[in-house]
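Data block below; observations after.
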Amino acid sequence: MLTLDLPAEPYWLDLPRGVRVEIRPVTTAVMAAAQAAAARRLAAIRVADPDLDPDMSRGLSFAFLVKALARHAVTAWEGVGDSGGKPLPLSSEAVERLMDLDDIAAAFWDRATAPVAVVAAEGNG
């Protein structure tokens with residue numbers, strides 16, 4: 001039996017380096033918006049560079065997807081500061097810069113999509 005035990009309210013994720021982000025649940029709408037934004041960015045790069053290396057294309061595709069998901073899902077954060085150590089206000093640009101850090105991006109993706117992955121795995125049993 002499939003158990004629909006997905007979060008309904010925003011919740012906090014602990015990420016590496018002492019960063020915490022609050023995210024809205026990763027619903028179909030949030031994921032579809034992220035996928036559309038990532039696809040547009042990759043398409044623009046492919047137009048500019050039709051000979052883009054396939055491995056780089058895959059890497060950019062994932063990077064753009066993680067950044068777009070973070071932009072659409074992150075509602076608050078802690079542990080993110082500027083070069084002077086002052087807390088950095090949440091903005092789309094700052095979220096993208098945070099997701100440029102490989103360990104942060106990988107942990108964010110794994111933890112943000114985990115509730116959906118658990119339900120999907122249950123449905124495949």
Side-chain angles (χ1 to χ4, degrees):
M1 175 189 305
L2 176 67
T3 304
L4 289 179
D5 190 21
L6 297 172
E9 300 295 325
Y11 59 97
W12 286 90
L13 300 175
D14 292 321
L15 300 177
R17 306 185 198 202
V19 172
R20 294 182 72 219
V21 294
E22 181 185 56
I23 67 167
R24 64 178 42 96
V26 179
T27 62
T28 300
V30 171
M31 186 58 82
Q35 290 170 335
R40 281 191 306 274
R41 286 179 80 172
L42 186 59
I45 289 177
R46 285 186 174 144
V47 166
D49 184 1
D51 297 322
L52 183 64
D53 176 76
D55 290 334
M56 182 57 78
S57 180
R58 280 188 289 281
L60 287 169
S61 179
F62 180 69
F64 292 155
L65 181 57
V66 171
K67 287 178 179 190
L69 180 59
R71 278 195 329 272
H72 289 290
V74 173
T75 58
W77 64 10
E78 297 174 352
V80 181
D82 63 17
S83 59
K86 181 179 171 189
L88 196 61
L90 182 67
S91 70
S92 293
E93 296 79 18
V95 166
E96 285 216 5
R97 288 198 332 255
L98 179 65
M99 293 302 138
D100 278 333
L101 302 171
D102 185 57
D103 59 332
I104 298 281
F108 173 77
W109 179 263
D110 290 347
R111 293 170 190 162
T113 61
V116 176
V118 167
V119 170
E122 246 183 53
N124 290 331

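The first residue of the sequence shown is numbered 1, and numbering continues consecutively from there. Here the structure is a predicted model, which is why all the values come from computation and not from measurement.
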Original post:
Can you list the steps and then say if I23 with F108 is a side chain to side chain contact (heavy atoms under 4.5 Å, CB included)?
Top reply: CA-CA 10 Å; I23 67 167; F108 173 77; 3.8 Å; yes
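- Considering only heavy atoms from C-beta on, K67 stays 4.5 Å or farther from V95 through its side chain.
- If you chain together hydrophobic residues whose side chains sit under 4.5 Å apart, F62 and L42 never meet in one group.
- With a 4.5 Å cut-off on side-chain heavy atoms, V74 and L98 do not count as touching.
- Among residue pairs with one or both ends in residues 72-104, none qualify as ring-ring contact (aromatic ring centres under 6.0 Å, His included); sequence neighbours excluded.
- Using a 4.0 Å cut-off between charged side-chain N and carboxylate O, R111 and D14 make no salt bridge.
- Annotation for A68 and A38: closest pair CB-N, 4.4 Å, computed over non-hydrogen atoms.
- Nearest heavy-atom pair across A112 and P115 is O-CD, 3.6 Å.
- Atom CG of residue L65 and atom CH2 of residue W109 lie 4.0 Å apart, to the nearest 0.5 angstrom.
- At least one side-chain heavy atom of R97 sits under 4.5 Å from a side-chain heavy atom of L88.
- Listed by chain and number, the residues in a side-chain hydrogen bond (donor to acceptor under 3.5 Å, both in side chains) with S92 amount to none (sequence neighbours excluded).
- For residues 54-65, every residue pair satisfying the side chain to side chain donor-acceptor pair (under 3.5 Å) rule, not counting sequence neighbours, is listed here: R46-S57, D55-R58.
- Legend: residues meeting side-chain hydrogen bond (donor to acceptor under 3.5 Å, both in side chains) with D110, ordered by chain and number and at least two apart, are absent.
- Within the model, atoms OG1 of T28 and CD of Q35 stand 9.5 Å from one another, a figure rounded to the nearest 0.5 Å.
- Of all the heavy atoms in P25 and P10, the pair that sits closest is CD-N, 4.0 Å.
- Remark: R17 CZ to I104 CD1 distance equals 5.5 Å, nearest 0.5 Å.
- Rounded to the nearest 0.5 angstrom, W12 CH2 and T75 OG1 are separated by 7.0 Å.
- In this structure, R24 has no side-chain hydrogen bond (donor to acceptor under 3.5 Å, both in side chains) partners at least two apart in sequence or on a different chain.
- Rounding to the nearest 0.5 angstrom, the gap separating the CD atom in E93 from the CD atom in E96 is 7.5 Å.
- Every residue meeting the side chain to side chain contact (heavy atoms under 4.5 Å, CB included) condition with I45, not counting sequence neighbours, appears here in chain and number order: L52, L60, F64.
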Subject >> Candidate pair L69 and M99, rule side chain to side chain contact (heavy atoms under 4.5 Å, CB included), full reasoning >> reply: CA-CA 10 Å; L69 180 59; M99 293 302 138; over 6 Å; no
